[in-house]
*Asks:* 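This is the structure I have questions about; it appears just below.
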Amino acid sequence: MSATTIQSLKVLVESIILDPKYHDILTVVKGARNGAVYGAKVRFPHALVMIMLFRSGTFREKVRLIFNATKTHALNLAKFATIYKSTCLLLKLYGATPGKEGPYDSFIAGLLGGYVVFGQRSKRGKISSVSQQIVIYIFARVALALARLAVKPGYGLPGVSEPKQSAAISHYAWPVFASMSWAAVMHLFRWHAAELQPSLRSSMVYIYQNSDDWDGLRNFIWHNK
């Protein structure tokens, strides 16, 4: 293919992607692309560290686990972005007020995407550990945002959102939340470790349980076991 042909194709493609009439549908494509790229960027270093340090098995097996975790995370975010943005677009075009975004469009689109992508079980009835981690991450951020919204003056719950009470709650809420969270997770790890998410449990075993035993300087400082 000649340089002229390539340049002509580039001009044609750019004319399409910059055409306003294609903008809405192309946001779906760009959303899928961004979801896949972000998922790969986030998951790969996390999987690399956690699997290489805490998983047993051959190097080949660990590489396969890293690849599968990265692929799953990237595909999940790409699929969710596609469903979410497509649903928002359809609701905007065919909703109660065509051409205008409705107040609950994002909620409905998120509900559908969350169910289809993250709410399913495997054929064996198991929930993907990657999906669990993503949903738990989202849930924690939602809980914090709702807690802040609850005491936000003008928007929050009656009484606690008054300026004076809101300031006091905001000041003391974080240390209470942090200490209670760590108290709860350490209690669960000590007495109900099997119920904790696997990657959290493995890191806590490494820090708190494996530090109880050694038989010499070598596995006291240089090696864990």
Side-chain angles (χ1 to χ4, degrees), residues 24-58 60-96 101-147 149 181 184-185 188-189 192-206:
D24 286 348
I25 191 65
L26 288 176
T27 62
V28 178
V29 178
K30 185 67 182 294
R33 177 265 179 199
N34 285 5
V37 171
Y38 183 83
K41 285 184 176 181
V42 169
R43 176 57 55 173
F44 177 74
H46 177 269
L48 179 66
V49 172
M50 295 301 294
I51 291 173
M52 286 298 181
L53 289 181
F54 299 115
R55 287 290 188 95
S56 58
T58 65
R60 188 185 185 89
E61 290 171 340
K62 290 182 178 181
V63 168
R64 186 174 67 254
L65 288 172
I66 294 168
F67 173 78
N68 288 338
T70 303
K71 182 182 73 172
T72 300
H73 199 141
L75 288 177
N76 279 354
L77 292 188
K79 287 188 288 186
F80 180 86
T82 301
I83 294 171
Y84 173 79
K85 295 184 77 68
S86 297
T87 304
C88 283
L89 178 57
L90 290 172
L91 290 173
K92 180 180 177 180
L93 294 175
Y94 303 106
E101 180 184 1
Y104 302 108
D105 288 2
S106 58
F107 182 87
I108 295 170
L111 188 70
L112 178 62
Y115 176 76
V116 172
V117 179
F118 298 105
Q120 305 303 309
R121 294 178 181 271
S122 69
K123 293 179 179 179
R124 296 181 179 180
K126 294 184 178 181
I127 301 171
S128 163
S129 61
V130 173
S131 291
Q132 285 187 26
Q133 290 165 6
I134 295 173
V135 172
I136 290 168
Y137 176 91
I138 293 298
F139 176 79
R141 270 64 183 174
V142 168
L144 285 174
L146 290 177
L149 187 61
S181 295
V185 77
L188 286 170
F189 176 67
H192 306 281
E195 308 307 323
L196 292 175
Q197 201 274 335
S199 64
L200 172 62
R201 184 173 65 246
S202 65
S203 62
M204 295 187 76
V205 166
Y206 183 85

*Asks:* Calculate, to the nearest 0.5 Å, the distance between atoms SG and CD1 belonging to Cys88 and Ile83 respectively.
*Replies:*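 Rounded to the nearest 0.5 Å, the SG-CD1 separation comes to 12.0 Å.
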
*Asks:* Identify, with sequence neighbours excluded, every residue that meets side chain to side chain contact (heavy atoms under 4.5 Å, CB included) alongside Ala147.
*Replies:*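 Side chain to side chain contact (heavy atoms under 4.5 Å, CB included) list for Ala147, sorted by chain: empty.
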
*Asks:* Return the set of residues passing side-chain hydrogen bond (donor to acceptor under 3.5 Å, both in side chains) with Glu101 (not counting sequence neighbours), or none when no residue passes.
*Replies:*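 Glu101 satisfies side-chain hydrogen bond (donor to acceptor under 3.5 Å, both in side chains) with no other residue.
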
*Asks:* Just jot down the ring pair (Phe, Tyr, Trp, His ring centres under 6.0 Å) partners of Tyr137, sequence neighbours excluded, or say none.
*Replies:*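 By the ring pair (Phe, Tyr, Trp, His ring centres under 6.0 Å) rule, Tyr137 matches no residue at all.
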
*Asks:* Please table the atom pairs, donor to acceptor, closer than 3.5 Å between any side-chain atom in residues 64-72 and protein atoms at least two apart or in another chain.
*Replies:*
from  : atom 1 : to    : atom 2 : distance (Å)
Asn68 : ND2    : Arg64 : O      : 3.3
Thr70 : OG1    : Ile66 : O      : 2.8
Thr72 : OG1    : Asn68 : O      : 2.8

*Asks:* Mind listing the closest non-hydrogen atom pair of Met50 and Ser199 along with its distance?
*Replies:*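 Here Met50 and Ser199 meet closest at CE-O, 3.8 Å.
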
*Asks:* Taking Thr58's backbone N and O only, do any of them form a donor-acceptor pair with Glu61's side chain (distance below 3.5 Å, no angle check)?
*Replies:*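 Yes; judged by distance alone, with no hydrogens or angles, the pair exists.
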
*Asks:* Donor-acceptor pairs under 3.5 Å, side chain of residues 108-128 to any protein atom, not counting sequence neighbours: which ones?
*Replies:*
from   : atom 1 : to     : atom 2 : distance (Å)
Gln120 : NE2    : Tyr115 : O      : 2.6
Arg121 : NH1    : Gly125 : O      : 3.0
Ser122 : OG     : Arg124 : N      : 3.3
Ser122 : OG     : Lys126 : N      : 3.1
Ser122 : OG     : Lys126 : O      : 3.4
Ser128 : OG     : Val130 : N      : 3.2
Ser128 : OG     : Ser131 : N      : 3.3

*Asks:* Please, which pairs that meet side-chain hydrogen bond (donor to acceptor under 3.5 Å, both in side chains) have at least one residue in residues 79-90, sequence neighbours excluded?
*Replies:*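 Not a single pair qualifies under side-chain hydrogen bond (donor to acceptor under 3.5 Å, both in side chains).
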
*Asks:* Test your reading of the model: is there a side-chain donor-acceptor pair from Lys62 to the backbone of Arg55, 3.5 Å cut-off?
*Replies:*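 Flag set: sc Lys62 to bb Arg55 pair under 3.5 Å.
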
*Asks:* Output all residues satisfying side chain to side chain contact (heavy atoms under 4.5 Å, CB included) with Leu196, sequence neighbours left out; order by chain, then residue number.
*Replies:*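 In terms of side chain to side chain contact (heavy atoms under 4.5 Å, CB included), with neighbours along the sequence ignored, Leu196 is linked to Val185, Leu188, Phe189, Leu200, Arg201, Met204.
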
*Asks:* Can you give me every donor-acceptor pair (side chain of residues 37-45, partner residue at least two apart or in another chain, under 3.5 Å) with its distance?
*Replies:*
from  : atom 1 : to     : atom 2 : distance (Å)
Arg43 : NE     : His73  : ND1    : 3.0
Arg43 : NH1    : His46  : ND1    : 3.3
Arg43 : NH1    : Gln133 : OE1    : 2.7
Arg43 : NH2    : His73  : ND1    : 3.4
Arg43 : NH2    : Gln133 : OE1    : 2.7

*Asks:* Please identify each residue that fulfils ring pair (Phe, Tyr, Trp, His ring centres under 6.0 Å) with Tyr206, with sequence neighbours left out.
*Replies:*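 Partners of Tyr206 by the ring pair (Phe, Tyr, Trp, His ring centres under 6.0 Å) criterion, ordered by chain and then number, come out as Phe54.
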
*Asks:* Tell me which pairs pass side-chain hydrogen bond (donor to acceptor under 3.5 Å, both in side chains) where either residue lies in residues 24-36, with sequence neighbours left out.
*Replies:*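 Applying side-chain hydrogen bond (donor to acceptor under 3.5 Å, both in side chains) to every pair that reaches into residues 24-36, excluding sequence neighbours, yields nothing.
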
*Asks:* Looking only at heavy atoms, what is the nearest atom pair of Ala78 and Ala32, with distance?
*Replies:*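 Heavy atoms of Ala78 and Ala32 come nearest at CB-O, 3.4 Å.
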
*Asks:* More than 12 foreign heavy atoms under 6.0 Å from CG of Leu90: is that the case here?
*Replies:*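 Enclosed.
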
